[in-house]
Amino acid sequence: MWSFIHKLGSPPWFFRFSGNVVKWLLPVTIAVLFVGAFWGLLVAPPDYRQGNSYRIIYIHVPAAVVSLAGYYVMALAGAISLIWRIKMADIAMKAAAPVGAVLTGIALVTGAIWGKPTWGTWWVWDARITSMLILFFLYLGVVALFEAYENKAAAAKACAVLSLVGTVNIPIIYKSVDWWYSLHQPASIKFTGESAIDASMLYPLLLMITAFYGLFALVVMMNMRADLVWHHRQSSWVRQWAGFE
Amino acid sequence: MSLLDAKDVAIERGDRSLLRGISLSVEAGELWQLIGPNGVGKSSLIRALAGLARLGVDGDICRSAAALYIGHSSALKRALTPVDNLRCHPACDVTVGDEQIAQALQSVSLAGYESVPVGALSAGQQRRVALARLLLSDARLWFLDEPFTALDAMGCEWLEQQIAEHIQLGGAVLFTSHQQSRFGAQQHNLDLSLYVSA
Amino acid sequence: MSLLDAKDVAIERGDRSLLRGISLSVEAGELWQLIGPNGVGKSSLIRALAGLARLGVDGDICRSAAALYIGHSSALKRALTPVDNLRCHPACDVTVGDEQIAQALQSVSLAGYESVPVGALSAGQQRRVALARLLLSDARLWFLDEPFTALDAMGCEWLEQQIAEHIQLGGAVLFTSHQQSRFGAQQHNLDLSLYVSA
Amino acid sequence: MSVPDSDSLSLGAAFYRQFLRHGKALISSPADLVNPLLFFFMVITLFPLGLGPDPERLSQMAPGILWVVALLASLMVSGKLFASDFEDGSLEQLCLAPQPLAILALAEVLAHWLGTGFLLSMVSPLFAVLVGLPTQALPVLFMSLLLGSLCLTLIGAVGSALTVSIRRGGVLLSVIIIPLHVPVLLFGSTAVVEAARDGNPVSWLALLAALVLMSLALAPLAIGAALRISLDNG
Amino acid sequence: MSVPDSDSLSLGAAFYRQFLRHGKALISSPADLVNPLLFFFMVITLFPLGLGPDPERLSQMAPGILWVVALLASLMVSGKLFASDFEDGSLEQLCLAPQPLAILALAEVLAHWLGTGFLLSMVSPLFAVLVGLPTQALPVLFMSLLLGSLCLTLIGAVGSALTVSIRRGGVLLSVIIIPLHVPVLLFGSTAVVEAARDGNPVSWLALLAALVLMSLALAPLAIGAALRISLDNG
Ligand code: HEM
Ligand SMILES: Nc1ncnc2c1ncn2[C@@H]1O[C@H](COP(=O)(O)OP(=O)(O)OP(=O)(O)O)[C@@H](O)[C@H]1O
Ligand SMILES: Nc1ncnc2c1ncn2[C@@H]1O[C@H](COP(=O)(O)OP(=O)(O)OP(=O)(O)O)[C@@H](O)[C@H]1O
Ligand SMILES: [Mg+2]
Ligand SMILES: [Mg+2]
């Protein structure tokens, strides 16, 4: 186990390893994505209340679920980079932040698009939506901080600190937003998140969630590989890989 | 035993590798001047040796004595007077008393400016306040980055004397300056142009 | 006709009166060094003569040529490259072209640093960018406050040569420096210690 | 046939150069463009969090919230307008330039506004949705912010010029400037309120436009004078 | 009988000295103490101007407005917390000091809070009257701001330490920090809302107190790490 982590820290080894992973993960993810999308968008029955507009959950829900997990992945990488000073963790964190931000953005935008037909409004200050928005802000903060640093090695460390502070805060934010919402008991509109979902709709959703996890891993890994190639453009293993030597 | 030991240090800034293969060991009573043209990496090296920069610094740096670093920025609060600045300065000994501070200011010929805010002093006077810390710290290892800047002839003489005394008392000094061999044969020179990478 | 005429100038900073009774007239082709210990008022005087300070300045100052002032601060934007900094600099001639800028950077031995942000240059390199303006401005009167600071030996030589050339071409230079009589008999000295008030 | 004399030519060139200098510094770090928008976005979300999520109440207060936050965002960014020029010594150079300081400063202010206030008014309709501003008020919100932000920036620049030589001037600037911002806030938010309740916002927008013209004429003079004073204090 | 060893003695002395250093710099310009209060005052008065003067509506929104503005005031001032230390090189000296950086930084943060957040909560009842907060909520407003502002300052200090090496970091700081401020805002404003409607604010205050303890324990570590990183970027 330890030696595996140690090996992960070595750029050439990781480059080869991730190359193999991508080779397998890419076709599998695309297959799952297609099956899930086909099933969800065309095969699954329409909702008895919302008609076909509900089908947006096949993007909305996976994006929301994976974006939350993405933050923890990022923070974990940050912790590793701060504690063990493994450069690969820096690169992983840098790669994960924008992907997570985009996923969160997708969840927000699809949610808003969905809200228009269901609630008649683009936006409400529901507890879950509000937490999601704040998660989006946390991501944007990390991305903005990274961009602002001139020294990218220092930038990664700074983002590691920020995302760790954010991780400590996420449960608190979620809890506090929940309490805030239940205290104010606002008007009519309510999230129907609790309503049971039919199995014929659930399976494609699970497939789509799996596919989104795969996509997240893929994009992050490819991001990291691009970064590695750029960073080590002078070294022999990159030049060999590129066919220059 | 040496106060500072550096083995095979390499320095990188931004994406460029600057220096490599620098090894030095500073003993008590030694005086080292870092030499080299503009941009060769003197400031970067002295910060790395003092322990202020860590990213982009490779190799083993082992410091076994308290350090005093005086760089380009003076670490003075413009709104505070010289006395307050020195009394509350993180680099000064915690036990420094008001009398010692008054003496130190006297020594840098700033008697009479005790209650003027540092922001209203001239460039050279501000530098003198910063250098007064040399008298108030008990660090054995001094890192001075271009300490002679902005000082007039008398000020330079004063500083040379302080450095010489510190060395005699068993301290050690690393400094940079564009004037070659300020202390003649007494000093060791480290010419960084010899270590420029590639 | 003289490029700069000052009659009976007195300078006051904060509440203290610093200097008084200074008169000088700078003709084309002259080189003036302001001399004096730290805090005597060299920077204050040079700013007053350049027209940058007006409060606390008494007497008649009459400048009849365009001025270029280079002081302690470099007037460079850290985020911009040397080329962008020079191209957009308020002190440079509006008509300066890219080629001239490239030549100027070459002349201060910063070829190769055209696209590095100024913030990532060393102290001496930043000073060189600031001094490159000497080549890009058509002002006849130069005010240089400690221009030799942070420059290495080669840089100092380059600057001395620029100053000498400018004077030969009918310009005039006022500068301060803690090294006495840099230009030997060629220069006029104004020792400010003689004008300290009270 | 009039030939433009070389002086006015060089004035135009110098104006353009100064504009470019500031614009380049802005563009060289796109974060400087995006971050004020993010700030605007985030502060707007603070209000529902602080006031409770009731959509009815929020939508009533939307014009006020949007305008107050725009004003605060403008305060945040215009405090720094001349700060770097002062610190790095560019201000001394501007003062010695042969062109009038007021004109050069105006170039800088306009470049700054393009990168902040202008952008902000462009994206404001997006954020207005968050606080439930009625859709028919969006164009008026945009127009009022476009005019208003230019006004805010010009006034803010005067304040920035006055406080630039003072360390930690950020809060001081706000204290000086907020009272001057009040008319802009009143006209702007009232225009949006009128639009939201299907009233007539045009006269308020016209008032804003008049304010813009007035500050375009007067602010540069004040800025020039203030910058010279700041230099004397430095 | 235990004798304090010289190390912990010197730690205490260094803590006190750092506290004093920052405190003195604050006191030497009393404007730094007064201006944030003025800012708070002025921004609060902007709301009646932007929202219309209906007293009923204002008083309903008073807790939210007061808290949001307190948060903004804290953002305004905490951005500068370590700025001057970074620029004048004091940070390098702090890093080389024999005492742990986290402790020295904490001293500075506490001195800063005493001069800003603490003062603000002391005078907040005065301003609360302006927006018509019911009288019975005043003590809770005071308590919630007292606890909350300490929390805001500690979190803000982390942000300030992270952004100190970045030119024009002011807006960036807000962007990083606002999401982390959300729980404080929610607990604080809800406590005041509860008090205003004669509910039970104690549990919310307790939550705030818990947040304070947590950030007192964790923030210094993050600040120390962040300051060292900033130095590497400088
Ligand atoms: C933590 C983030 C989120 C998660 C985990 C999440 C999850 C879900 C799930 C599981 C559903 C399906 C509910 C059902 O069974 O019908 C749903 C519905 C919905 N979500 Fe989200 N969501 C999140 C954020 C958002 C956001 C940010 C928005 C809006 C911008 C949003 C808007 C909606 C809408 C409009 C629906 C349909 C509601 C309805 O059926 O009445 N969601 N969400
Ligand atoms: N901003 C200021 N406010 C008030 N007094 C000042 C200010 N700046 C400088 N002084 C005072 O004016 C005097 C002259 O300062 P000046 O900077 O002109 O000296 P200088 O001759 O350039 O010295 P140096 O050789 O150190 O650069 C100093 O004694 C200083 O105390
Ligand atoms: N913040 C930075 N980021 C990236 N590169 C930098 C940075 N600061 C300096 N450098 C680069 O590192 C090199 C060495 O800089 P350093 O300041 O150590 O030089 P120096 O020897 O002290 O020069 P000087 O005599 O001019 O003070 C320079 O060539 C410069 O381009
Ligand atoms: Mg150097
Ligand atoms: Mg001087």
Side-chain angles (χ1 to χ4, degrees), chain D residues 25-26 29 31-32 34-43 45-52 57 60-69 71-73 75-77 79-80 83-84 87 116 166-179 181-183 185-186 188-190 192-193, chain E residues 25-26 29 31-32 34-43 45-52 54 57 60-73 75-77 79-80 83-84 87 116 166-175 177-179 181-182 185-186 188-190 192-193:
Chain D
L26 264 181
S29 52
D32 282 347
V34 177
N35 286 341
L37 300 183
L38 278 181
F39 175 77
F40 186 63
F41 185 21
M42 289 183 177
V43 176
T45 61
L46 287 181
F47 282 92
L49 291 175
L51 300 172
R57 187 139 61 106
Q60 268 185 357
M61 305 185 325
I65 292 178
L66 287 165
W67 252 94
V68 170
V69 178
L71 192 155
L72 291 175
L75 271 185
M76 283 294 270
V77 291
K80 305 271 171 174
S84 75
E87 274 153 32
T116 56
I166 295 162
R167 258 134 267 280
R168 297 206 257 172
V171 188
L172 178 64
L173 172 85
S174 311
V175 170
I176 293 179
I177 284 305
I178 287 179
H181 279 352
V182 165
L185 174 68
L186 280 181
S189 62
T190 316
V192 183
V193 166
Chain E
L26 263 181
S29 52
D32 282 349
V34 178
N35 285 340
L37 300 182
L38 275 179
F39 174 79
F40 187 65
F41 177 51
M42 288 183 170
V43 176
T45 57
L46 287 182
F47 283 92
L49 293 173
L51 299 173
D54 178 3
R57 188 141 59 108
Q60 265 187 357
M61 304 184 324
I65 292 178
L66 287 165
W67 252 94
V68 170
V69 177
L71 192 154
L72 291 175
L75 273 185
M76 286 291 270
V77 291
K80 305 271 173 173
S84 75
E87 273 152 31
T116 55
I166 294 160
R167 262 133 268 280
R168 297 206 256 169
V171 188
L172 179 65
L173 173 86
S174 310
V175 168
I177 284 305
I178 288 178
H181 277 352
V182 166
L185 172 68
L186 292 184
S189 62
T190 315
V192 184
V193 167

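Chain A is the first sequence line, chain B the second, and so forth, proteins listed ahead of strands; every chain is numbered from 1.
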Open item on the list: Between E:L186 and chain D, with a heavy-atom cut-off of 4.5 Å, which part of the residue counts as in contact: side chain, backbone, both or neither?
Closed with: side chain
Open item on the list: Counting heavy-atom pairs closer than 4.5 Å to chain E, which one of D:L66, D:I178, D:V193 comes out on top?
Closed with: D:I178
- [ ] Would you please name every residue forming a ring-ring contact (aromatic ring centres under 6.0 Å, His included) with E:F39, sequence neighbours left out?
- [x] none
Task: Closest non-hydrogen atom pair, E:N35 against D:V175 - done: O-CG2, 3.7 Å
Task: Heavy-atom proximity to chain D below 4.5 Å, by part of E:Q60 - done: both
Open item on the list: Below 4.5 Å, heavy-atom pairs only: which of D:G64, D:A62, D:P63 has the largest tally toward chain E?
Closed with: D:G64
Task: Residue E:L72 versus chain D: region with a heavy atom under 4.5 Å - done: side chain
Task: Heavy-atom pair count under 4.5 Å with chain D, highest-scoring of E:P36, E:A83, E:G188, E:G50 - done: E:G50
TODO: Just do the side chain to side chain contact (heavy atoms under 4.5 Å, CB included) check on E:M76 and D:S174 with the steps written out, would you?
DONE: CA-CA 10 Å; E:M76 286 291 270; D:S174 311; 3.2 Å; yes
Task: Heavy-atom closest contact (E:L46 atom, D:V68 atom, distance) - done: O-CG2, 4.2 Å
Task: From D:L172 atom CG to E:L38 atom CG, the distance as rounded to the nearest 0.5 Å - done: 9.5 Å
- [ ] Report the distance from atom CD1 of E:I65 to atom CG of D:L51, rounding to the nearest 0.5 Å.
- [x] 6.5 Å
- [ ] Just do the side chain to side chain contact (heavy atoms under 4.5 Å, CB included) check on E:R57 and D:M61 with the steps written out, would you?
- [x] CA-CA 10 Å; E:R57 188 141 59 108; D:M61 305 185 325; 3.7 Å; yes
- [ ] Calculate, to the nearest 0.5 Å, the distance between atoms CH2 and CZ belonging to E:W67 and D:F47 respectively.
- [x] 14.0 Å
Open item on the list: With side-chain contact (heavy atoms from CB on, under 4.5 Å) as the test, pick out the partner of E:L49 among D:T190, D:V182, D:L71.
Closed with: D:V182
